[in-house]
Engineer: 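Before I ask anything, let me first share the structure, which is written out below as structure tokens.
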2 protein chains.
Amino acid sequence: MASAPKAGSTARQRARAELTREIKAEARRQLAAQGAQQLSLRAVARELGMVSSAIYRYFPSRDDLLTALIIDAYDSLGAAAEKAGQSQPAAAVRGRWRAVCTAARNWALANPHEYALIYGSPVPGYQAPEATIAPAARVAVVFGQILADATALRLNAVPGQDAPGAADGQPQPGQQAPGAADGQPRSAPALSPLLALQAAALADAIAPGVPAPVIARALIAWTQLFGMISFELFGQFVGSADPADEFFAYAVDQMATLVGLD
Amino acid sequence: MASAPKAGSTARQRARAELTREIKAEARRQLAAQGAQQLSLRAVARELGMVSSAIYRYFPSRDDLLTALIIDAYDSLGAAAEKAGQSQPAAAVRGRWRAVCTAARNWALANPHEYALIYGSPVPGYQAPEATIAPAARVAVVFGQILADATALRLNAVPGQDAPGAADGQPQPGQQAPGAADGQPRSAPALSPLLALQAAALADAIAPGVPAPVIARALIAWTQLFGMISFELFGQFVGSADPADEFFAYAVDQMATLVGLD
DNA sequence: TCAAGAACGAGAGCAGTGCTCTTGACATCG
DNA sequence: CGATGTCAAGAGCACTGCTCTCGTTCTTGA
């Protein structure tokens with residue numbers, strides 16, 4: 001984000017950007033080492049050879065430092081997901097889905113404290129500021145693109161036939177469930193009006209052209225993915241699916257089928 | 001748990017049990033009001049009119065107090081799930097599944113900080129002690145019973161025919177996927193050896209007689225459920241499935257179908 | 001019954017935290 | 001050159017978890 005030192009700045013501004021970056025780097029180091037709870041402004045300052053009050057010139061409070069780290073974490077995870085999403089040909093939607101899910105898990109396993117920071121319980125009174133929602137959406141956008149590509153592929157494959165109730169994202173309730181013969185994985189219950197609306201809005205935002213029922217199922221897969229990662233990371237799997245590698249692969253596959261990825 | 005004052009104790013023991021309970025109650029109040037991070041032994045002591053060091057006679061450290069609260073939270077959630085699981089006739093497996101899921105969500109919404117305590121990021125160096133795993137398993141046990149009942153029902157309904165590869169919970173890989181005609185929701189990929197083993201062990205523990213593939217899918221549903229609740233509680237749904245009531249009902253239904261609940 | 005001993009509450013104290021305020025040095029710009 | 005704004009530093013406040021010591025009180029065993 002704002003970590004590239006602008007060339008045309010005064011020395012003071014460059015020094016400020018530099019120090020801001022160093023503070024974040026040291027804070028990230030402590031975060032990775034001991035978790036968010038143990039992140040101490042004083043310790044960061046100590047490590048950087050400055051006095052604690054100086055930190056407040058750069059981050060007005062501990063929460064602001066944490067927010068910066070949260071944004072970085074979202075961006076880091078988002079970049080990993082995007083890279084994984086482009087690692088395969090656009091048409092290989094199922095392979096891309098698998099790659100993105102695996103990338104998300106690997107990122108979480110490699111950066112458990114960062115993951116806990118963004119997908120664990122939010123810090124006490126902490127309210128996610130506006131600046132976090134865009135980076136937070138990056139992973140969702142990757143999934144949306146895969147869905148959109150899959151939908152477009154299906155439409156092209158069967159030129160004369162519309163995707164079931166897809167055009168307006170607002171199918172008549174109870175009308176588009178018959179038979180699982182057209183790529184829809186299975187007869188699905190009709191979406192409630194509000195849910196259909198939410199799905200349509202989501203499609204408009206990040207997955208143009210994708211039918212609402214597919215979006216709704218993708219939401220399921222989305223929550224399943226991060227639920228699974230959280231369970232693994234937070235130790236909820238001990239005694240059941242631990243180690244979780246094979247269960248993870250199985251679940252990713254099942255969810256791909258659920259959302260109708262070929 | 002150990003909150004009922006034993007009758008045949010000395011006055012001192014009764015006073016100790018009483019005070020232990022009061023400390024936990026006040027701590028729970030603070031937890032509900034401000035979250036685990038803000039839970040302060042000193043504040044608890046202050047509120048109880050005692051001096052902070054006295055608390056250490058009852059809980060050797062802050063973590064021990066938190067552990068007690070965690071166990072209580074698991075028990076509270078487990079009790080809610082069990083009650084919901086028994087709110088309907090045993091044969092109504094799908095209705096029971098729905099009831100238990102809804103109960104879990106309602107409990108989480110009513111006790112967000114307690115939920116975050118047990119399903120959010122684990123506190124810094126906190127390692128879940130042995131005493132927590134039994135209460136933590138209560139919800140899983142409820143789900144296991146529903147699965148076991150569903151399996152038994154299916155076996156009784158088709159007396160001459162075994163459930164596919166169910167008897168030993170260890171079906172021959174790649175053998176039981178053909179056709180979705182027997183209650184299995186859909187052709188499913190074969191389980192990997194390790195996953196089949198984990199599922200079989202899990203079945204032995206809490207869901208006797210349930211085929212391994214069903215267990216594996218139930219694990220998916222399990223992680224999906226808590227992933228969904230976490231996303232709702234931790235604000236990951238803002239802008240997408242918020243409010244989440246209808247999405248929740250939809251997802252619960254889809255997961256019931258996934259695990260093959262009629 | 002009565003003394004030894006365990007359990008207890010109170011208090012002082014240590015090391016640490018986030019954060020505020022003031023002070024004096026320095027760089028930048030008019 | 002001088003005014004202005006930025007900066008690091010330090011002292012200090014209120015708070016935290018936790019330890020240790022000190023009398024007191026209750027429990028228990030001889």
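Side-chain atoms are counted along with the backbone in the values below, which use heavy atoms only and exclude waters and symmetry mates. Numbered from 1 within each chain, the chains take letters A, B, ... in sequence-line order.
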Engineer: Can you list everything that forms a side chain to side chain contact (heavy atoms under 4.5 Å, CB included) with Asn106(A)? Sequence neighbours excluded, please.
Structural biologist: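 With neighbours one apart ignored, the set is Thr102(A).
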
Engineer: Would you list the protein and nucleotides 4-8 of chain C atom pairs, both N or O, that sit under 3.5 Å from each other?
Structural biologist:
from: dC8(C); atom 1: OP1; to: Arg16(B); atom 2: NH1; distance (Å): 3.0
from: dC8(C); atom 1: OP2; to: Arg16(B); atom 2: NH1; distance (Å): 2.5

Engineer: At under 4.0 Å between heavy atoms, what does Ser40(B) touch on the DNA or RNA strands: base, sugar-phosphate, or nothing?
Structural biologist: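 Touches sugar-phosphate only.
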
Engineer: What's the CE-P distance between Met50(A) and dC19(C), to the nearest Å?
Structural biologist: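 Rounded to whole Å, this separation is 16 Å.
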
Engineer: Would you indicate what Ala15(B) reaches in the nucleic acid, counting non-hydrogen atoms under 4.0 angstrom: base, sugar-phosphate, or nothing?
Structural biologist: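 Touches nothing.
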
Engineer: Return the 5'-most residue of the pair Ala43(A), Pro60(A) with respect to DNA chain C, ranking by each residue's nearest nucleotide.
Structural biologist: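 Result: Ala43(A).
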
Engineer: Any donor and acceptor pair, going by atom type alone, linking the side chain of Ser121(A) with main-chain N or O of Ser121(B) inside 3.5 Å?
Structural biologist: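 Such a contact is found between Ser121(A) side chain and Ser121(B) backbone.
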
Engineer: Select base, sugar-phosphate, or nothing to describe what Leu65(B) touches, counting heavy atoms under 4.0 Å on all strands.
Structural biologist: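 The residue Leu65(B) makes no contact with any strand.
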
Engineer: First contact, last contact: which nucleotides of DNA chain D are these for chain A, 5' to 3', heavy-atom distance under 4.0 Å?
Structural biologist: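 Both ends considered, the range comes out as dG5(D) to dG12(D).
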
Engineer: Touch check for Ser61(A), heavy atoms < 4.0 angstrom, all strands: base, sugar-phosphate only, or nothing?
Structural biologist: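 Sugar-phosphate, no base atom in range.
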
Engineer: List for me each residue that meets ring pair (Phe, Tyr, Trp, His ring centres under 6.0 Å) alongside Phe237(A), sequence neighbours excluded, and say none if there are none.
Structural biologist: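 For Phe237(A), the residues satisfying ring pair (Phe, Tyr, Trp, His ring centres under 6.0 Å) (neighbours in sequence not counted) are Phe231(A), Phe247(A).
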
Engineer: Which atoms form the tightest heavy-atom contact between Tyr115(B) and Leu233(B), and what is the distance?
Structural biologist: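 Closest pair (atom of Tyr115(B), atom of Leu233(B), distance): CD2-CD2, 3.4 Å.
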
Engineer: Counting distance only, does the side-chain N/O of Ser230(B) pair as donor-acceptor with the main-chain N or O of Gly227(B) below 3.5 Å?
Structural biologist: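 Between the backbone of Gly227(B) and the side chain of Ser230(B) there is no qualifying donor-acceptor contact (under 3.5 Å).
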
Engineer: Can you pull out every salt bridge (Lys or Arg N to Asp or Glu O under 4.0 Å) where at least one residue sits in residues 221-238 of chain A? Sequence neighbours excluded, please.
Structural biologist: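 Residue pairs with at least one partner in residues 221-238 of chain A: Arg105(A)-Glu232(A).
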
Engineer: Sorted by first residue and then second, give each side-chain hydrogen bond (donor to acceptor under 3.5 Å, both in side chains) pair with at least one member in residues 40-61 of chain B; sequence neighbours left out.
Structural biologist: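 For residues 40-61 of chain B: Ser61(B)-Asp64(B).
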
